[in-house]
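What you see is a predicted model; the values in this text were computed from it and never measured. Counting convention: from 1, in listed order, for ligands and their atoms alike.
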Amino acid sequence: MLTTNPFEDDKLREECGVFGIWGAETAAAVTALGLHALQHRGQEAAGITSFDGKAFHSHRAMGHVAGNFDMDSIIRSLAGRAAIGHVRYSTTGETALRNVQPLYAELSTGGFAVAHNGNISNAMRLRRELNARGSIFQSTSDTEVIIHLVATSSFRSLLDRFIDALKQVEGAYSLACLTEEGMIGCRDPLGIRPLVMGRLGDAYVFASETVALDVIGATYIRTVEPGELIVVSERGVESHRPFAPMRPRPCIFEHVYFSRPDSIVDGSSVYTVRKAIGAELARENPVEADYVVPVPDSGVPAAIGYAQESGIPFELGIIRSHYVGRTFIQPGDQVRHLGVKLKHNANSALIAGKKLVLIDDSIVRGTTSLKIVQMLREAGAREVHMRIASPPTRHSCFYGVDTPERKKLLAAQMNVAEMNAYIKANSLAFLSIDGLYRALGEDMRDTDQPQFCDACFSGAYPTRLTDHEDAEQHGQLIPAERYA
Ligand code: SF4
């Protein structure tokens, strides 16, 4: 039986990464490299659509970028000096190729391809309305709603139709779009998901994270601002701001876990912020110990920050295998628990008889924390004090992150003392929400107008959740995975 690696299952997962380039000889090849750098944002499917001046070409497939875009045949077939690409996690029940992006349609205004990171929180209601007016959907993706809204808009130009469409959608979207006239990059008015712009020679690039620019040798120009729509074409670069200005609410979890530590997100180095988070955590929740030990890899920068602030030595008390994929063959229950050790193993020679501060970025279901604490104890650790580099995750995300139902979030069911008893640590403590904001350079969280989306910690969602409200009215629960 193929099953999901239990370690990956116990994390919130970013569901998508986008990339686009306009004006490069080898646009599809560069896009494949850019997507490779964004692979952590979505590992189950990838796609590229290119435009050669006359026709669009597309390749979409399940699996990793490296396995899908061989340079000899596939990349050669994706001709043209412009391309956009997408990586995604498929979510429960919908692994269909028809949902793999970029999505493409022939509109009255010409070909239109779109790659989307985020989630539209009124997609189901819009879909019902479009269906009632005769639209026929090809996929179950929320992104396809944007295409139908563009297709049915009464405005004449593609740009006006696109803006008209975006004004009807709620939620989170960072988009890279390809048309016959140019490439469009845009972010929702709150800038919930990231998007940056760069330059590679004469070509312009959009990417979810700066690491994709680094990998292709591009120069970072700037972040695409919340509510900004940038058109790159033969005429140059045009910036549009079609929405009423509002205070941005970028996703705070990008800094905690989703983005690669070597990326710059909304002007901040993710690595530096994670170290600052660790330092805040040490100030808020000190403990006497022999070593600070990260759960690798995601706990490493915060653990370095904790160690530097506390003066307790940083050590690798857990070693991670880099050869375990997201899925592996799991023959039966008897060996299920061994899956944990496939990916992480205790460094028993180091930790035997020692008191440890164990640092992880978050607790989702708590199943992994329980297994790691148990593993460290079996390897001889005398005490294990768990410190979490974010506040308790109590709420689901409806903005393009795969979260379990609320009832499966440990912190939605238990207080900290109960969670500590569940994971069997000597002590457990979380970073406060103000501590997280301080690590991001703010004095504290503005309770009236928070500077970030922190809804998975606070429950304060920055947009309407129309589909969720509709479902609740009808006594249904929409699982978060339906929002992918
Ligand atoms: Fe990010 Fe959490 Fe907001 Fe989702 S709910 S966008 S994960 S901060």
Side-chain angles (χ1 to χ4, degrees), residues 8 10-18 40-42 88-89 91 116-123 142 169-175 187-195 208-209 226-227 246-260 263 265-266 268 270 273-274 277 298 361-365 388-406 408-412 430-437 439-440 442 445-447 449-469 478-484:
E8 303 296 344
D10 203 18
K11 293 284 179 197
L12 297 188
R13 295 183 308 189
E14 180 70 65
E15 286 175 352
C16 301
V18 301
H40 59 287
R41 298 183 73 87
R88 85 184 286 261
Y89 276 117
T91 48
H116 172 203
N117 177 203
N119 183 73
I120 296 167
S121 56
N122 63 342
D142 60 318
V169 304
E170 298 166 357
Y173 53 84
S174 282
L175 303 169
R187 264 175 109 185
D188 65 74
L190 296 168
I192 295 175
R193 302 255 73 87
L195 190 67
S208 292
E209 291 180 39
M246 51 181 82
R247 184 167 194 172
R249 299 281 298 272
C251 168
I252 208 162
F253 224 110
E254 292 283 347
H255 299 276
V256 171
Y257 175 67
F258 302 140
S259 293
R260 260 179 55 161
S263 279
V265 172
D266 284 316
S268 299
V270 175
V273 168
R274 284 188 193 159
I277 284 173
S298 55
D361 57 86
S362 56
I363 290 184
V364 180
R365 290 178 175 85
I388 303 298
S390 60
T393 305
R394 293 199 171 98
H395 303 270
S396 297
C397 176
F398 297 98
Y399 302 123
V401 170
D402 184 19
T403 18
E405 287 171 53
R406 244 201 114 193
K408 292 188 181 153
L409 295 171
L410 196 67
F430 291 79
L431 183 65
S432 70
I433 202 150
D434 280 338
L436 180 54
Y437 273 73
L440 278 150
E442 304 285 343
R445 180 178 189 264
D446 179 339
T447 46
Q449 281 196 303
Q451 304 88 323
F452 291 90
C453 175
D454 54 24
C456 46
F457 307 127
S458 66
Y461 293 96
T463 72
R464 277 198 66 187
L465 300 174
T466 296
D467 291 341
H468 190 64
E469 290 160 14
I478 300 181
E481 58 261 29
R482 287 295 306 278
Y483 285 84

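- Legend: residues meeting salt bridge (Lys or Arg N to Asp or Glu O under 4.0 Å) with Glu209, ordered by chain and number and at least two apart, are Arg41.
- Protein nitrogen, oxygen and sulfur atoms, that is N, O or S, within less than 2.8 Å of atom 3 (Fe) of ligand 1 amount to 1.
- For Phe253 and Phe452, the ring centers sit 6.0 Å or farther from each other.
- With contacts defined as side-chain heavy-atom distances shorter than 4.5 Å, the pair Arg274/His255 does not qualify.
- For Tyr173, there are no ring-ring contact (aromatic ring centres under 6.0 Å, His included) partners two or more places apart in sequence or in a different chain.
- In this view, Phe430 satisfies the ring-ring contact (aromatic ring centres under 6.0 Å, His included) rule with no residue, not counting sequence neighbours.
- Contacts with ligand 1 closer than 4.0 Å are made by side-chain heavy atoms of Arg193 only, the backbone lying farther away.
- Aromatic ring orientation, Tyr461 versus His395: perpendicular (interplanar angle above 60°, classes split at 30° and 60°).
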